[in-house]
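Quick caveat: nothing in here was measured; it's all calculated off a predicted structure. Side-chain atoms are counted along with the backbone in the values below, which use heavy atoms only and exclude waters and symmetry mates.
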Amino acid sequence: MNSLKLLSGMALAAALAACGTVGPNYKVPEQAVIKRPQAAAPFLGTAEAAYKSAPLPDHWWRLYDDPVLDQLIQQAFAANTDLRVAAANLARTRAVLDQAEEERKPEVSISAAPGVGRSSGVPIGSPKALPDKFNYDVGVRVSYQTDMFGKIARAVEAANADTQAAQAGVDLVRVTVAADTARAYADACSAVRQMAVAQQAVDLQQKFVALTDERTRAGRGTAIDGARARSQLAQLQAALPPLAAQHRIAHYRLAALTGQTPQEMNMHLLQCQAAPRLTTQIPVGDGAALLRRRPDIRQAERTLAGATARIGVATADLYPSISLGASVGSTGLLDHFGAANATRWSVGPLISWTLPDTGSARSRIAQAEAGTDGALAKFDGTVLNALKEVESAMTVYARELDRNAALKTARDESALASEQSHRLYQYGRTDFLSVLDADRTLAATDAAWAASDATLATDQIALFLALGGGWQQQ
C-alpha cells in the first residue's frame with residue numbers, strides 16, 4: 001500500500017512539474033511554400049505591355065467607371081444568398097469561440113430541495129410513529145478548472161483560428177460574388193453588342209437579296225443567285241436567337257446574384273451597348289501582395305493554425321484535470337432554517353486522471369498531428385494554385401488581346417473587300433459568288449471580332465478574380 005501511494009505521489013509530482021501549455025506553439029512552418037522568396041516575386045506576366053505592377057485597388061470594378069455595374073455589385077453584397085450562408089457559418093464559429101472562452105470562467109451552481117417525510121419505518125397510526133417533518137437542502141457551489149496544462153487555452157486558440165478562417169471564407173465569397181456579378185453584367189452587355197453586329201449583317205444581306213431579285217427581274221441575274229442570297233440571309237438570321245437567349249439568361253443570373261426573382265429583376269436596368277472593358281494597363285501588384293490579399297490563402301493558413309492548436313488539446317489529455325471547488329449550504333428541518341448547526345461548507349481540489357490508460361489520448365494526438373500535416377499540404381496547394389491562376393489569367397488575357405487585334409484587322413479588310421465586291425457586281429465587273437463569299441467573310445469576321453471583345457471582358461474579370469480583390473468592406 002505504501003509503495004502504491006509513493007508511486008501515485010511520484011506520478012502526480014511529475015505531472016505537476018510539467019505544468020504549462022502543452023503542444024506546439026503555432027508559426028508558419030519554414031518549409032511552407034509561402035516562405036519561398038519566389039512566391040513573393042513579381043509575376044512573370046508583368047513583362048506583357050497589358051499590365052503594370054501598381055497595387056490592385058480594393059474595389060477593382062470601379063476602374064470601369066460604370067454606375068450600373070457598381071450598383072449591381074452593391075446589391076449583390078447586400079442580398080446574395082451565398083454571402084448569407086457564409087455569414088451564418090461565421091456566426092456559428094463565433095458562438096463556438098464564446099463557448100470555449102466560457103470554460104475559463106468559474107462555474108456557479110445553486111441548488112434548493114425542499115421536501116417532506118419521516119425518517120422512521122414505523123407504520124402510520126402506531127403510537128410510536130414519528131410525525132411528518134418538513135426539511136430542506138440549499139447550497140451554492142463554485143468550481144474553477146485550473147487549466148494547468150493549457151487544454152482550455154489551446155481549445156480557445158483553435159476556436160479563434162476557426163473563426164478567423166470563417167471570416168476569410170466570407171471574404172472569399174465576396175470576391176466570387178463581385179466577379180460573378182461583373183461577369184453576368186458583361187455577358188448581358190456583350191450579347192447586346194453581338195446582336196447589333198448580327199442584325200447589321202442581316203440588314204445588309206436583306207438589301208443584297210432585294211438587289212439580287214431586282215437584277216433577276218431585269219434579266220441580269222438568275223433564280224439560283226436569289227436562292228443563294230436568301231440562304232445566306234437565313235444563316236445570318238439564325239445567329240440572333242442564341243444571342244437573345246444569352247442576353248436574357250444573363251439577366252436571370254444577375255437576379256439570382258442580387259437576391260431577386262426573375263420577375264423582380266428590372267429588365268430595363270441594363271442599357272449598355274457593349275461590355276465594360278479597360279483599355280489601359282491593368283494594375284496587378286506582385287506575388288507578395290497577392291499572398292496577403294487572397295482570402296483562400298488566409299483561410300488555409302488559419303485552418304493550419306487551428307489544426308496545430310488541436311494537437312495541444314489532445315496532448316493535454318495525457319495530464320491530470322484539476323478543478324478547484326468550494327461549496328456552502330444548509331441542510332435540516334424547515335422550522336429550523338438557517339440554524340448554525342445546519343450549515344455545511346467545503347473547499348478543495350478535484351483531480352481526475354486516467355492512469356495508466358493513455359492509449360486513446362495518444363491516438364487522438366496522432367490524429368491531430370495528421371490533421372496538421374494535411375492542413376499544411378492544403379495551405380501549400382492553395383498558395384501554388386493562387387500563383388498559377390494569376391499567371392494563367394494574365395497569359396490568357398494578353399494572348400486574347402493579340403487575337404483581338406488580328407481579328408479587327410481581318411474585319412476591316414473584309415469590310416473593304418465586301419464594299420468593293422458590291423460595287424463591282426453592281427457594274428457587272430464580278431460574279432455573284434464572289435460577292436456572296438465576300439459578304440460571308442465579312443459577317444464571320446465581324447461576329448468573331450465582337451465575340452473576342454466579349455471574351456476580353458470576361459478575361460479581365462477572371463484576372464481580377466484570380467488577384468483576389470474586392471472583399472474589403474466599404
Side-chain angles (χ1 to χ4, degrees), residues 183-255 262 265 267-277 400 403-404 406-426 428 430-458:
R183 187 182 292 115
Y185 177 72
D187 287 348
C189 297
S190 295
V192 174
R193 159 84 190 285
Q194 290 175 279
M195 281 191 292
V197 170
Q199 186 61 55
Q200 183 180 14
V202 167
D203 294 342
L204 290 174
Q205 186 64 20
Q206 286 177 333
K207 292 180 180 179
F208 183 59
V209 168
L211 176 62
T212 303
D213 290 342
E214 181 180 342
R215 288 174 57 85
T216 301
R217 286 191 296 271
R220 299 172 58 190
T222 66
I224 295 177
D225 294 342
R228 287 172 173 169
R230 284 187 288 274
S231 174
Q232 176 78 354
L233 174 61
Q235 293 181 45
L236 294 174
Q237 290 172 329
L240 287 170
L243 294 173
Q246 176 184 325
H247 183 256
R248 183 59 64 94
I249 291 171
H251 277 79
Y252 297 154
R253 286 163 53 200
L254 285 171
M265 182 67 187
M267 300 294 286
H268 302 290
L269 177 64
L270 306 184
Q271 300 296 327
C272 52
Q273 300 301 313
R277 182 163 67 89
E400 187 62 34
R403 177 173 178 269
N404 185 267
L407 285 172
K408 184 180 183 304
T409 300
R411 186 265 174 195
D412 292 343
E413 293 297 331
S414 296
L416 179 60
S418 176
E419 180 184 355
Q420 291 176 344
S421 295
H422 276 270
R423 186 177 297 116
L424 292 173
Y425 179 71
Q426 186 175 4
T430 189
D431 61 354
F432 177 82
L433 290 178
S434 297
V435 177
L436 196 63
D437 182 65
D439 285 350
R440 185 182 294 112
T441 302
L442 173 59
T445 55
D446 218 358
W449 183 40
S452 177
D453 282 347
T455 300
L456 282 175
T458 56

Check against side chain to side chain contact (heavy atoms under 4.5 Å, CB included), Phe208 and Leu436: CA-CA 9 Å; Phe208 183 59; Leu436 196 63; 4.2 Å; yes

[atom1]/[X] to [atom2]/[Y] distance, rounded to the nearest 0.5 angstrom?
| X | Y | atom1 | atom2 | answer |
| --- | --- | --- | --- | --- |
| Leu456 | Ser190 | CG | OG | 9.5 Å |
| Asp437 | Leu442 | CG | CG | 11.5 Å |
| Ser414 | Leu407 | OG | CG | 10.0 Å |
| Thr212 | Arg230 | OG1 | CZ | 8.5 Å |
| Leu233 | Leu204 | CG | CG | 11.0 Å |
| Arg440 | Ser231 | CZ | OG | 8.0 Å |

Full working for side chain to side chain contact (heavy atoms under 4.5 Å, CB included) between Glu413 and Thr441: CA-CA 10 Å; Glu413 293 297 331; Thr441 302; over 6 Å; no

Atom CG of Leu416 with >12 non-hydrogen neighbours under 6.0 angstrom: yes

Do you know which two heavy atoms are closest between [X] and [Y], and how far apart they sit?
| X | Y | value |
| --- | --- | --- |
| His247 | Ala188 | CD2-O, 3.1 Å |
| Ser421 | Val435 | O-CG2, 3.5 Å |
| Ala255 | Met265 | CB-CB, 3.7 Å |
| Thr445 | Arg411 | OG1-CA, 3.7 Å |
| Ala454 | Gln194 | CB-OE1, 4.2 Å |
| Asn404 | Ser452 | ND2-OG, 3.0 Å |

Decide side chain to side chain contact (heavy atoms under 4.5 Å, CB included) for Thr222 and Thr216; before the verdict, give the C-alpha distance in whole Å, the side-chain angles of both, and the deciding distance to 0.1 Å. CA-CA 5 Å; Thr222 66; Thr216 301; 5.9 Å; no

Check the pair Asp439 / His422 against side chain to side chain contact (heavy atoms under 4.5 Å, CB included), numbers first and verdict last. CA-CA 9 Å; Asp439 285 350; His422 276 270; 2.8 Å; yes

Side chains of Gln206 and Leu236, heavy atoms from C-beta outward: is any pair under 4.5 Å? no

Using a 4.5 Å cut-off on heavy atoms from C-beta on, say whether the side chain of Tyr185 contacts that of Pro276. yes

Is the closest basic N to carboxylate O distance between Asp412 and Lys408 below 4.0 Å? yes

Glu400 bridged to Arg403 by N-O distance under 4.0 Å: yes

